[in-house]
Trainee: 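First the structure, then my questions, so here it is.
Just so we're clear, the structure is a prediction, and the values are computed from it rather than from any experiment.
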Amino acid sequence: MDERLFYRSAPDNPEAPPPPPKKNKINFKEKKNNTIKSLNEVEGFLNDFKHFKRYVHLYKFFK
(Lines give C-alpha, C1' and ligand atoms only; values in the text may rest on other atoms or scores of the structure.)
Protein backbone atom coordinates (compact mmCIF):
# COMPACT_ATOMS: atom_id res chain seq x y z
CA MET A 1 0.00 0.00 0.00
CA ASP A 2 0.91 3.62 -0.27
CA GLU A 3 2.87 5.11 2.69
CA ARG A 4 0.89 8.33 2.62
CA LEU A 5 -2.22 6.52 3.82
CA PHE A 6 -0.73 5.53 7.16
CA TYR A 7 -0.54 7.88 10.11
CA ARG A 8 2.95 8.25 11.54
CA SER A 9 3.00 8.19 15.33
CA ALA A 10 6.58 9.44 15.66
CA PRO A 11 7.62 12.79 14.21
CA ASP A 12 10.49 13.02 11.72
CA ASN A 13 12.51 15.12 14.21
CA PRO A 14 12.63 13.17 17.52
CA GLU A 15 14.39 15.99 19.44
CA ALA A 16 12.34 17.65 22.19
CA PRO A 17 11.51 21.35 21.80
CA PRO A 18 13.61 23.76 23.87
CA PRO A 19 12.22 24.65 27.30
CA PRO A 20 10.37 27.98 27.60
CA PRO A 21 12.47 30.92 28.81
CA LYS A 22 12.43 31.59 32.54
CA LYS A 23 10.49 34.61 33.70
CA ASN A 24 12.50 37.17 35.61
CA LYS A 25 11.20 38.38 38.94
CA ILE A 26 10.01 41.97 38.94
CA ASN A 27 12.22 44.25 40.99
CA PHE A 28 9.76 46.85 42.30
CA LYS A 29 12.48 49.00 43.86
CA GLU A 30 14.23 49.35 40.50
CA LYS A 31 10.92 50.04 38.71
CA LYS A 32 10.10 52.74 41.27
CA ASN A 33 13.49 54.42 40.82
CA ASN A 34 13.20 54.31 37.02
CA THR A 35 9.70 55.81 37.19
CA ILE A 36 10.87 58.65 39.44
CA LYS A 37 13.81 59.38 37.12
CA SER A 38 11.51 59.40 34.10
CA LEU A 39 9.06 61.78 35.78
CA ASN A 40 11.91 64.11 36.73
CA GLU A 41 13.13 64.12 33.12
CA VAL A 42 9.63 64.94 31.85
CA GLU A 43 9.27 67.73 34.41
CA GLY A 44 12.64 69.18 33.39
CA PHE A 45 11.70 69.02 29.71
CA LEU A 46 8.41 70.82 30.32
CA ASN A 47 10.15 73.55 32.33
CA ASP A 48 12.67 74.00 29.52
CA PHE A 49 9.82 74.08 27.02
CA LYS A 50 8.15 76.93 28.93
CA HIS A 51 11.39 78.91 28.75
CA PHE A 52 11.77 78.07 25.06
CA LYS A 53 8.22 79.26 24.42
CA ARG A 54 9.02 82.56 26.15
CA TYR A 55 12.17 83.03 24.04
CA VAL A 56 10.23 82.38 20.82
CA HIS A 57 7.67 84.96 21.87
CA LEU A 58 10.42 87.51 22.57
CA TYR A 59 12.11 86.70 19.26
CA LYS A 60 8.87 87.31 17.35
CA PHE A 61 8.28 90.51 19.33
CA PHE A 62 11.70 92.00 18.57
CA LYS A 63 11.73 90.81 14.97
Side-chain angles (χ1 to χ4, degrees):
M1 292 190 95
D2 195 7
E3 285 185 22
R4 292 178 288 163
L5 296 177
F6 294 103
Y7 176 76
R8 293 184 182 194
S9 60
D12 292 337
N13 188 2
E15 295 179 17
K22 294 182 180 179
K23 293 184 179 180
N24 295 335
K25 291 184 180 179
I26 297 174
N27 186 351
F28 287 106
K29 188 174 185 178
E30 182 181 339
K31 295 284 185 187
K32 176 185 167 187
N33 289 338
N34 289 341
T35 303
I36 291 172
K37 288 178 185 177
S38 296
L39 289 175
N40 287 337
E41 290 178 7
V42 169
E43 183 181 4
F45 171 77
L46 291 176
N47 286 333
D48 289 343
F49 186 72
K50 288 178 185 176
H51 293 279
F52 176 73
K53 186 177 171 184
R54 182 174 31 171
Y55 292 131
V56 169
H57 179 70
L58 288 173
Y59 176 75
K60 286 182 180 180
F61 178 75
F62 287 119
K63 188 176 178 184

Trainee: Once rounded to the nearest 0.5 Å, what's the spacing between atom CZ of Phe52 and atom CZ of Phe45?
Mentor: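 That separation rounds to 9.5 Å.
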
Trainee: Would you give me the side-chain donor-acceptor pairs under 3.5 Å for residues 33-42, sequence neighbours excluded?
Mentor:
{"residue": "Asn33", "atom": "ND2", "partner": "Lys29", "partner atom": "O", "Å": "3.4"}
{"residue": "Asn34", "atom": "ND2", "partner": "Glu30", "partner atom": "O", "Å": "3.4"}
{"residue": "Thr35", "atom": "OG1", "partner": "Lys31", "partner atom": "O", "Å": "2.8"}
{"residue": "Ser38", "atom": "OG", "partner": "Asn34", "partner atom": "O", "Å": "3.0"}
{"residue": "Asn40", "atom": "ND2", "partner": "Ile36", "partner atom": "O", "Å": "3.4"}

Trainee: With ILVMFWY side chains joined below 4.5 Å, transitively, what does Ile26's cluster contain besides itself?
Mentor: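 Phe28, all in the cluster of Ile26.
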
